[in-house]
Amino acid sequence: MLRGIYTATASMAVQKSRLDILANNAANLTTPGYRADVPIVEDFRRLLAGQIERERPYAALVSRDQVRSLGPLGTGIFMTDVLVDLQPGPLRETGDPFDLALGSNSFFSVLAGNQVRYTRDGHFHRDRDGFLVTAEGNLVLAGGQPVQIPDGDMVVTLAGEIYVNGELIGQLDVVEMPPGGRWDKAGFNLFQPSANSPAPQPAATPNVQQGFLELSNVDLEFTTAHIMSSLRLFEAAQRMFQMQDETLGRAVNEIGRFT
Amino acid sequence: MLPAIRASVAGLLANKQFMEVISNNLANLNTPGFKVSRPDFRDLLYQNLTQLDGLPPETVAARVILPQLGIGTGIGGLSIDFRDGIPEPTGRPLDLAIQGPGFLQVRLPNGQVGYTRNGILHVDTDGRLVDNRGNVIEPQVGIPANFDDLTIDPDGTVRVREQGSADFRAIGRLQLAKFTNPNGLLHAGYGIFLETESSGAPQLGNPEDPGFGRMLSRMLERANVDLAQAMADLIFAQRAYQLNARALQTADQMVAMANQLRR
């Protein structure tokens, strides 16, 4: 009976954590280049439930042949991981030559402080010295260096080469994660490779789209449905908890009472 | 439960600000030289879901993947779109539209130089060219008192025709100022922008110099607000606001249910 209470509690805890993640996705519905977090929920180790066929099971150790298997018994669920959904978000045409979007799963390299970080938010502009920077003011890297854009008409090719007035200025460092790699979020629209992930590699097909911005890949309908389901599943687990609590109460207080 | 509430509230606030920015853009649909702005959204810091207190960091890094939890969104700043609005003919001699990245310079009452794209000009009692709030246009152009008609050439040369005369005569030339990072300018209201550290110093030049733009007389630059885009943004912001409200409500219901566990 107590096992059932723990199963219900585990389910409530998972729905609470799911809502935490869904609420953060919902909050970032309008964040350009945001990647949704996807909670991964798995069940706990299943136990093999058995019934001991012996008259006095507590008297001594029970041998295997005295146990009749009743099949597996789940012991609840828990959140094992949160993955980043790398599906590209919808592109929005802005017509601004400094707005760049990535069509593939790749990332722009930027310098945040002294460290290289990665972003999908291509809402760039020039700082006062003419360097290409993100909306947060982080320097955008091209060939491992910040890139200075002179006055003139800027054209960025699909491969990320920057031309100003027909002259090649540099090529944006567009990277992608090799298989088995993993991104962590660093906040402020930045990503970094996880601690034990391989380093990102130059992207095979950067697919840079000039004059476009990538929106968040959070799906409004999907998120609404999941928020609703998290509440109802929490409710179901809460009922399950209460029922078992009542049953336990009866077992303790009423069984064996002589009236 | 607090993370969900915190993230939802952050989302509500950010989308409310988004709607305010769109409202301001829409309200200035008919303001000459108005530049549309857009909030720069960003996600906030992430915290690790798993607590691993007391373990040396190397061990943690080598063995454990830490799931992350975000704490919502925020607006980092406003980006102003300085692209040209459509020049609209008005027929008024003292109306001026700028095509290209340049700004007119005006001397503000406190002596500072402001930069504007609003080309509704007037002549003050001292015969100086001023903007519609009475700030003197720099460099100063003296307009003769008996002028009958005035025109401004694309290269900024101001020409007047005096009463009784048939010819236009050049009396001065307007300048333009441009910035490497106009996004860094401070919007001081009334269409006036001020130089800041992040905008850098202005570069001065004459209209029709490469990269400065040109002047169109008897025209006004319309606000560069795209009405359809603004309406679409407004609907999107409202939907995002609703979604965050729903998440907040759900979090509240979940807390209430947890409180009712033991009746």
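Just so it is clear, the structure is predicted and the values come from calculations on it, not from any experiment. Just so it is clear: chains get the letters A, B, ... in the order the sequence lines come, proteins before strands, and each one is counted from 1.
Of the listed residues (B:A7, B:G76, B:P101), the one with the most heavy-atom contacts under 4.5 Å to chain A is B:A7. Contact tally against chain A (heavy-atom pairs below 4.5 Å) for B:G184, B:S79, B:G211, B:S8: the top residue is B:S79. Residue with the most contacts toward chain B among A:I149, A:T94, A:V84: A:T94 (heavy-atom pairs, distance under 4.5 Å). Heavy-atom pairs under 4.5 Å with chain A peak, among B:L12, B:L243, B:L13, B:L248, at B:L243. The greatest number of non-hydrogen atom pairs below 4.5 Å with chain B, out of A:I227, A:L29, A:D151, A:T30, is found for A:T30. Between chain B and the residues A:S197, A:G95, A:G137, A:P39, the most heavy-atom pairs under 4.5 angstrom are made by A:G95. Interface remark: of the candidates B:A10, B:G11, B:G70, B:G70 forms the most heavy-atom pairs closer than 4.5 Å to chain A.
Around atom CG of A:D153, no more than 12 heavy atoms belonging to other residues, nucleotides or ligands sit under 6.0 Å away. Atom CG of B:L194 is surrounded by more than 12 heavy atoms from other residues, nucleotides or ligands within 6.0 Å.
Under a 4.0 Å N-O distance rule, the pair B:R117/B:D84 qualifies as a salt bridge.
Residues of residues 222-240 of chain B that come closer than 4.5 Å to chain A, counting heavy atoms only, are B:Q229, B:D233, B:F236, B:R239, B:A240, ordered by residue number. Contacts between residues 14-23 of chain B and chain A, counted as heavy-atom pairs separated by less than 4.5 Å, involve B:N15, B:F18. Residues of residues 197-205 of chain B placed with any heavy atom under 4.5 Å of a heavy atom in chain A are listed by number as B:E197, B:S198, B:S199, B:G200, B:Q203. Within residues 36-43 of chain B, the residues having any heavy atom closer than 4.5 Å to a heavy atom of chain A are B:R38, B:D40, B:F41, B:R42, B:D43, listed by residue number.
Looking at A:Q238, both its backbone and its side chain come within 4.5 Å of chain B, counting heavy atoms on both sides. Within the 4.5 angstrom heavy-atom criterion, only side-chain atoms of A:F241, from C-beta onward, approach chain B. Looking at A:S216, neither its backbone nor its side chain comes within 4.5 Å of chain B, counting heavy atoms on both sides. In this structure, chain B has a heavy atom under 4.5 Å from the side chain of A:D37, while its backbone stays farther away. Of the atoms belonging to B:I75, not a single heavy atom falls under 4.5 Å from chain A. No part of A:L22 comes within reach of chain B, as not one of its non-hydrogen atoms sits under 4.5 angstrom from that chain. Looking at A:R239, there are no atoms closer than 4.5 Å to chain B (heavy atoms on both sides), in backbone or side chain.
Counting heavy atoms from C-beta on, the side chains of A:E136 and A:V110 never come closer than 4.5 Å. A:Y118 places a side-chain heavy atom less than 4.5 Å from the side chain of A:P200. For the pair A:P146 and A:L141, the minimum side-chain heavy-atom distance is below 4.5 Å. Residues A:F78 and A:V41 form no side-chain contact, since every pair of their non-hydrogen atoms from C-beta on lies 4.5 Å or further apart.
From A:F124, atom CZ reaches atom CG of A:L100 across 5.5 Å, with rounding to the nearest 0.5 Å. With rounding to the nearest 0.5 Å, the separation of CZ in A:R35 from CG in A:N189 is 10.5 Å. Rounding to the nearest 0.5 angstrom, the gap separating the CD atom in A:E214 from the CZ atom in A:R92 is 13.5 Å. Distance check: B:M219 CE to B:I98 CD1 gives 13.5 Å after rounding to the nearest 0.5 Å. A:Q242 contributes atom CD, which lies 6.0 Å from atom CG of B:L261 (distance to the nearest 0.5 angstrom). Atom CG of residue B:L69 and atom NZ of residue A:K185 lie 10.0 Å apart, to the nearest 0.5 angstrom.
Between the side chain of A:Q148 and the backbone N or O of A:D129 there is at least one donor-acceptor pair closer than 3.5 Å. In terms of modelled atom types and a separation under 3.5 Å, the side chain of A:N217 and the main chain of A:A36 share a donor-acceptor contact. Side chain of A:D121 to main chain of A:G33: no donor-acceptor pair is present (N/O by atom type, distance under 3.5 Å, no hydrogens or angles).
Checked against the 6.0 Å centroid criterion, the rings of A:H125 and A:F98 do not qualify as a close aromatic pair. Less than 6.0 angstrom separates the ring centroid of B:F103 from the ring centroid of B:F82.
Just one residue in the list B:N206, B:L176, B:D155 forms a side-chain contact (heavy atoms from CB on, under 4.5 Å) with B:M215, and that residue is B:L176.
No donor-acceptor contact under 3.5 angstrom links the side chains of B:R246 and B:Q249, judged on distance only. Using modelled atom types, one finds no donor on one side chain facing an acceptor on the other under 3.5 Å when comparing A:H123 with A:T134. A:N25 and A:Y34 share a donor-acceptor pair across their side chains, judged by distance under 3.5 Å alone.
In this structure, A:F107 and A:W183 have tilted ring planes: the angle between them lies in the 30° to 60° band.
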